[in-house]
*Asks:* 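Here it is: the structure, laid out below.
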Amino acid sequence: MADIVQQRLEDRIPALEQLERVGLFTNKEVKSMLKRSTALEYKLHRTVQSKDDFITYIQYEINVLELIKKRRARIGYHFKREEIEYPIIHRINHVFRRATTKWQEDVQLWLSQVAFNKKWGTKTQLSKVLSSMLAIHPDKPALWIMAAKCEMEDRNSSESARHLFLRALRFHPENKKIYQEYFRMELMHAEKLRKQQQELEQAKIDVGEYNFSPEILSGKLAEVVYRDAAQKIKGAEFILSLLQIAAIFDFTKELQDTILQELQSQYVDDCMMWDFMSKRELDAAGAPELQSAKGKASDTDRREERCCVVYEEALKSLNTEAMWTCYVTFCLERYKRKTNVNELKEKRKERLLRVLQSAHDAKLLQESFYKNWLQVLLSSGDTVSATQIAITATQCFSQSVEMWSFSLQTLVQLESTEAGHLFQEALKHVNPKVESLPLWQLQADWCMTSQRPEDTETFFQKGLLSLVPAVSSAMKEKYLEWSYKTGGYKRARKTFTSLHEHRPFTKAFFMKMIEIEKEQETPKMSNLRDYYERALREFGCSDEDLWMDYIKEELGRHGNPENCGKLHWRAVKTLEGENVERFTTQYTLLQTGHV
């Protein structure tokens with residue numbers, strides 16, 4: 001091992017001497033680098049090798065390269081790169097190669113080597129690294145795409161990029177992303193050739209027998225890729241992605257028309273195709289440039305109406321939920337667009353409400369759109385329709401807690417008399433153990449603000465008896481809050497006393513009573529201790545904040561600081577796991593005055 005290390009150190013000496021000779025490094029710095037390199041080399045030749053040692057070695061050498069670059073710029077010396085930088089770059093690639101051979105599965109290691117070679121412009125080495133990486137990881141489409149892009153952009157080799165894409169398709173014959181990037185690459189290649197031809201023509205340079213192929217210049221290679229992809233991968237969404245890529249290039253009008261014709265003929269039953277064809281009407285050539293805001297708004301309205309005509313035509317042959325979703329989404333997007341012309345704003349609202357009603361009548365309106373429907377009706381002040389739709393939505397989606405909650409919130413906001421009945425219906429339809437808590441909480445808030453005290457009392461008594469622990473504990477907290485608001489401290493204390501032995505509890509239940517006690521003119525410390533002790537009995541094993549609050553209370557005006565030591569001892573004995581460490585840290589900060 002020592003012989004190998006010695007040989008590698010001797011190989012460094014010419015480059016180090018050059019660094020000192022040309023004034024980039026001092027003699028002291030060179031000796032320091034040699035000493036550091038010796039230590040790193042020995043680590044790489046241990047019996048048991050560590051990946052971290054290889055990474056540290058590589059990072060050190062890269063830092064040296066960066067430092068040399070900065071020193072060169074500072075003194076303005078730009079010679080002898082072959083004798084200084086190239087050996088270091090070669091050494092880094094050698095260490096990378098050893099590391100990737102030993103840890104082949106580490107993709108990040110491969111990518112680091114690729115990034116290094118791209119940065120330092122070693123194009124030949126870059127190509128070798130990409131080939132080795134793909135030989136080990138042919139199952140990762142993203143690596144094939146990255147390699148092809150490197151060949152195209154960094155090495156300026158369209159042929160190599162094409163070759164890599166074709167190899168990638170052997171391993172991943174139905175991968176959408178590979179086909180998309182391959183299609184884009186061929187168009188970029190054609191665009192590059194067109195620019196070259198244009199520059200040669202402008203310079204009036206005679207290229208002799210070499211001629212640019214008209215087929216390649218017009219994007220025929222990209223069309224071949226498109227046809228191959230269209231045969232293997234079905235779906236309007238994928239074809240549309242290729243069409244959008246083609247639209248980026250200004251010479252693909254014929255190719256776009258071809259894709260569009262085949263899209264319309266082969267995907268009549270795909271809502272994505274109809275959605276695209278409809279939205280194209282927004283970009284269609286319209287009236288000449290209109291200066292007035294009303295003129296522009298009128299033209300926009302005509303375009304949107306043409307879009308709706310296409311959607312209506314689609315629904316005649318494709319009356320599905322997906323198609324209605326596209327239609328409603330379009331109308332909703334246009335409705336949300338800002339405009340200062342009230343006529344356009346009203347037409348968009350009317351169009352949206354009409355489409356929502358039609359989709360609902362067809363029983364093909366998605367749940368989420370009912371919320372949008374209600375929001376539009378509420379914003380326009382149509383409370384009668386909003387009430388009707390809120391009730392109807394719960395009938396269509398009777399198992400959805402979100403739908404019940406939103407509809408009930410709407411009815412409560414509108415102060416509808418239907419709210420009480422609907423609350424009862426909601427609890428009948430949803431799963432009581434899993435989903436009923438939000439409905440109980442919503443009804444509790446409604447009862448506390450809108451119902452008679454006796455009706456609210458009846459509701460809370462029912463909630464307290466619930467067999468669902470989450471509901472029962474939440475209702476205790478709400479009941480205590482309501483008791484304090486309606487009957488003051490005495491009633492709240494009576495309510496707490498009647499409930500403090502009936503599990504389950506939440507921490508908030510006890511903290512609410514502590515808060516109520518502290519709001520009194522002369523809070524009783526004995527009562528506060530009782531509340532804290534009961535809370536600790538339930539949550540003392542896992543809640544260090546509760547212990548800290550109790551200790552702070554004893555340090556307060558009504559407490560007894562002598563009890564803090566006992567509480568600290570109890571907390572350390574009671575808390576479990578990491579909670580003890582967190583409590584000890586907080587207690588220390590409290591004692592030192594940092595909390």
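We number each residue from 1, following the sequence as shown. Just so you know, these numbers use all the heavy atoms, side chains as well, and skip hydrogens, waters and symmetry mates.
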*Asks:* Is the closest side-chain donor-acceptor distance between Thr122 and Asn117 under 3.5 Å?
*Replies:*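 Looking only at side-chain atoms, Asn117 and Thr122 do form a donor-acceptor pair, the distance falling under 3.5 Å.
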
*Asks:* Search all heavy atoms of Ala147 against all heavy atoms of Leu134 and return the closest pair with its distance.
*Replies:*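 Closest approach of Ala147 to Leu134, heavy atoms only: CB-CD1, 3.7 Å.
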
*Asks:* Indicate yes or no: at least one non-hydrogen side-chain atom of Leu19 is less than 4.5 angstrom from one of Leu16.
*Replies:*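 Yes, side chains in contact.
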
*Asks:* Are any side-chain N or O atoms of Ser32 and backbone N or O atoms of Lys28, one a donor and one an acceptor, separated by less than 3.5 Å?
*Replies:*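 Side chain of Ser32 to backbone of Lys28: no pair is present.
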
*Asks:* Please report the interatomic distance NZ(Lys102) to OG1(Thr100), rounded to the nearest 0.5 Å.
*Replies:*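 Result: 12.0 Å between the selected atoms.
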
*Asks:* Could you tell me whether Lys177 and Glu181 make a salt bridge, using a distance below 4.0 angstrom between a side-chain N and a carboxylate O?
*Replies:*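 The answer is yes: the pair qualifies as a salt bridge.
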
*Asks:* Would you say CD of Glu83 has more than 12 non-hydrogen atoms from neighbouring residues, nucleotides or ligands within 6.0 angstrom?
*Replies:*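 Check passes, neighbour count above 12.
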
*Asks:* Which is it for Trp120 and Gln125 under the side-chain contact (heavy atoms from CB on, under 4.5 Å) test, yes or no, and what are the steps along the way?
*Replies:* CA-CA 10 Å; Trp120 293 96; Gln125 188 64 37; over 6 Å; no

*Asks:* Are any of the side-chain nitrogens in Arg227 or Glu262 under 4.0 Å away from the carboxylate oxygens of its partner?
*Replies:*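 Answer for the salt bridge query: yes.
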
*Asks:* Are any of the side-chain heavy atoms of Phe583 and Asp545 separated by less than 4.5 Å?
*Replies:*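 Phe583 does not reach Asp545 side chain to side chain.
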
*Asks:* With no hydrogens and no angle check, just 3.5 Å: does a side-chain donor-acceptor pair link Arg21 and Gln18?
*Replies:*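 Yes.
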
*Asks:* Look up atom CD in Glu151 and atom CZ in Arg162, then write down how far apart they are to the nearest 0.5 Å.
*Replies:*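 Here the interatomic distance stands at 12.5 Å.
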
*Asks:* Looking at Trp547 and Gly540, what are the two nearest heavy atoms and their distance?
*Replies:*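 Smallest interatomic distance, heavy atoms only, reads NE1-O, 2.9 Å.
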
*Asks:* Within the supplied structure, the quantity of interest is the number of heavy atoms (other residues, nucleotides, ligands) at a distance under 6.0 Å from Lys192 NZ; does it exceed 12?
*Replies:*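 Yes, the 6.0 Å shell around NZ holds more than 12 heavy atoms from other groups.
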
*Asks:* For the atom pair CD (Gln266) and CD1 (Ile239), what is the distance rounded to the nearest 0.5 Å?
*Replies:*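 Answer rounded to 0.5 Å: 7.5 Å.
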
*Asks:* May I ask you to say whether Glu153 pairs ionically with Lys149, meaning some side-chain N is under 4.0 Å from a carboxylate O?
*Replies:*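 No.
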
*Asks:* Salt-bridged, Glu215 to Lys220, with N to O below 4.0 Å?
*Replies:*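 Looking at Lys220 together with Glu215, the answer is no, because their closest N to O distance does not fall below 4.0 Å.
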
*Asks:* Is there a side-chain contact between His189 and Leu193 in this structure, where contact means two heavy atoms from C-beta onward sitting under 4.5 Å apart?
*Replies:*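 Yes - at least one pair of side-chain heavy atoms lies under 4.5 Å apart.
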
*Asks:* Let me confirm one number: the NZ-OG1 distance from Lys31 to Thr26, rounded to the nearest 0.5 Å.
*Replies:*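 Going from the NZ atom of Lys31 to the OG1 atom of Thr26 covers 10.0 Å.
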
*Asks:* Report yes or no: do Asp228 and Tyr179 form a side-chain donor-acceptor pair below 3.5 Å?
*Replies:*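 Judged by distance alone, the side chains do pair up.
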
*Asks:* In the structure I gave you, are the side-chain heavy atoms of Leu260 and Met277 within less than 4.5 Å of one another anywhere?
*Replies:*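 Yes. Closest side-chain heavy atoms under 4.5 Å.
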
*Asks:* Kindly give the heavy-atom pair with the smallest separation between Thr329 and Phe369, and that separation in Å.
*Replies:*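 Answer, listing the atom of Thr329 first, then Phe369: OG1-CZ, 3.4 Å.
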
*Asks:* Are Met133 and Leu130 close enough that some pair of their side-chain heavy atoms sits under 4.5 Å apart?
*Replies:*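 Side chain of Met133 against side chain of Leu130, heavy atoms only: contact under 4.5 Å found.
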
*Asks:* With no hydrogens and no angle check, is any side-chain donor or acceptor of Asn63 less than 3.5 Å from a backbone partner on Gln59?
*Replies:*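 Such a contact is found between Asn63 side chain and Gln59 backbone.
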
*Asks:* Examine the side chains of Asp257 and Gln261 and answer whether a donor and an acceptor come within less than 3.5 Å of each other.
*Replies:*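 On atom types as modelled, these side chains do not qualify, holding no pair under 3.5 Å.
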
*Asks:* Any chance the side chains of Glu254 and Ser218 put a donor and an acceptor closer than 3.5 Å?
*Replies:*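 Not at all, the side chains of Glu254 and Ser218 share no donor-acceptor pair under 3.5 Å.
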
*Asks:* State whether Tyr77 and Arg71 meet the cation-pi test: NZ (Lys) or CZ (Arg) under 6.0 Å from the six-membered ring centroid, and within 45° of the perpendicular axis.
*Replies:*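 Because its charged atom misses either the 6.0 Å distance or the 45° angle limit, Arg71 does not stack over Tyr77.
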
*Asks:* Check the pair Tyr57 / Lys43 against side-chain contact (heavy atoms from CB on, under 4.5 Å), numbers first and verdict last.
*Replies:* CA-CA 9 Å; Tyr57 185 105; Lys43 284 185 178 181; over 6 Å; no

*Asks:* Tell me whether the count of non-hydrogen atoms from other residues, nucleotides or ligands lying under 6.0 Å of CG in Asn340 goes above 12.
*Replies:*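 Incorrect, the count does not exceed 12.
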
*Asks:* Passes side-chain hydrogen bond (donor to acceptor under 3.5 Å, both in side chains), Asp275 versus Tyr311? Steps please.
*Replies:* CA-CA 7 Å; Asp275 190 45; Tyr311 278 119; 2.3 Å; yes

*Asks:* Hey, are Asn372 and Tyr335 close enough side-chain-wise for a donor-acceptor pair under 3.5 Å?
*Replies:*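 Absent: no donor and acceptor within the cut-off.
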
*Asks:* Does NZ in Lys234 sit with more than 12 non-hydrogen atoms of other residues, nucleotides or ligands closer than 6.0 Å?
*Replies:*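 Yes, because the 6.0 Å sphere around NZ of Lys234 holds more than 12 heavy atoms from other groups.
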
*Asks:* Can Phe171 and Trp144 be said to form a ring pair (Phe, Tyr, Trp, His ring centres under 6.0 Å), step by step?
*Replies:* CA-CA 10 Å; Phe171 288 97; Trp144 286 101; 5.5 Å; yes

*Asks:* Could you measure the distance from the CZ atom of Arg184 to the CD1 atom of Ile248? Nearest 0.5 Å is fine.
*Replies:*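 It is 5.0 Å, given to the nearest 0.5 Å.
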
*Asks:* Do Ile145 and Tyr182 pass the side-chain contact (heavy atoms from CB on, under 4.5 Å) test, and can you show the C-alpha distance, the side-chain angles, and the key distance before you say yes or no?
*Replies:* CA-CA 8 Å; Ile145 294 169; Tyr182 185 16; over 6 Å; no

*Asks:* Going from CD1 on Ile88 to NE2 on His90, what distance comes out if it is rounded to the nearest 0.5 angstrom?
*Replies:*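 So the CD1 of Ile88 and the NE2 of His90 are separated by 12.5 Å.
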
*Asks:* Hey, does the side chain of Thr592 reach the backbone of Leu589 with a donor-acceptor pair shorter than 3.5 angstrom?
*Replies:*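 Indeed, once roles are kept as given, a pair shorter than 3.5 Å links the two residues.
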
*Asks:* Over 60° means perpendicular and under 30° means parallel, so tell me whether Trp103 and Phe54 are parallel, tilted or perpendicular.
*Replies:*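 Ring orientation, 0 to 90° scale: perpendicular.
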
*Asks:* Check this for me, if you would: do Lys123 and Asp154 make a salt bridge, where the nitrogen-to-carboxylate-oxygen distance has to be below 4.0 angstrom?
*Replies:*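 Salt bridge: no.
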
*Asks:* By the definition side chain to side chain donor-acceptor pair (under 3.5 Å), identify the one residue from Asp299, Thr300, Asp301 that meets it with Arg303.
*Replies:*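 Only one of Asp299, Thr300, Asp301 forms a side chain to side chain donor-acceptor pair (under 3.5 Å) with Arg303, namely Asp299.
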
*Asks:* Can we say Glu199 and Arg194 salt-bridge, meaning some charged N sits less than 4.0 Å from an Asp/Glu carboxylate O?
*Replies:*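 No, no charged N to carboxylate O under 4.0 Å.
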
*Asks:* Which heavy atom of Phe116 sits nearest to which heavy atom of Asn93, and what is that distance?
*Replies:*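 Shortest heavy-atom contact: CE2-ND2, 4.0 Å.
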
*Asks:* Evaluate the side-chain contact (heavy atoms from CB on, under 4.5 Å) criterion for residues Phe165 and Glu186: first the C-alpha distance (whole Å), next the side-chain angles of each, then the deciding distance (0.1 Å), finally the verdict.
*Replies:* CA-CA 11 Å; Phe165 274 123; Glu186 291 294 2; over 6 Å; no

*Asks:* Give the minimum heavy-atom separation between His137 and Val107, together with the two atoms involved.
*Replies:*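 Shortest heavy-atom contact: CE1-CG2, 3.8 Å.
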
*Asks:* Salt bridge or not between Glu304 and Arg334? Use side-chain N to carboxylate O under 4.0 Å.
*Replies:*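 Between Arg334 and Glu304 there is a salt bridge, with a charged N closer than 4.0 Å to a carboxylate O.
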
*Asks:* Heavy-atom distance under 4.5 Å between the side chains of Gln375 and Phe406, does that happen here?
*Replies:*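 SC-SC contact between Gln375 and Phe406 confirmed.
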
*Asks:* Inspect the contact between Glu578 and Arg582 and indicate whether a charged nitrogen and a carboxylate oxygen are less than 4.0 angstrom apart.
*Replies:*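 Between Glu578 and Arg582 there is a salt bridge, with a charged N closer than 4.0 Å to a carboxylate O.
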
*Asks:* Identify the heavy atoms of Arg155 and Ser127 that sit nearest to each other, and give their distance.
*Replies:*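 Smallest interatomic distance, heavy atoms only, reads NH1-OG, 3.8 Å.
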
*Asks:* Do Met511 and Asp549 make a side-chain contact, defined as non-hydrogen atoms from C-beta onward lying under 4.5 Å apart?
*Replies:*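 Yes; the side chains approach each other to less than 4.5 Å.
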
*Asks:* Would Glu20 and Asn27 count as a side-chain hydrogen bond (donor to acceptor under 3.5 Å, both in side chains) if you check the C-alpha gap in whole Å, the side-chain angles of each, and the deciding distance to 0.1 Å?
*Replies:* CA-CA 6 Å; Glu20 185 180 353; Asn27 180 263; 3.1 Å; yes

*Asks:* With a 4.0 Å cut-off, would you call Glu41 and Arg12 a salt bridge?
*Replies:*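 Result for this pair is yes, salt bridge flagged.
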
*Asks:* Find out whether Ile84 and Arg72 are in side-chain contact, i.e. whether some heavy atom of one side chain is under 4.5 Å from a heavy atom of the other.
*Replies:*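 Of all side-chain heavy-atom pairs linking Arg72 with Ile84, at least one is under 4.5 Å.
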
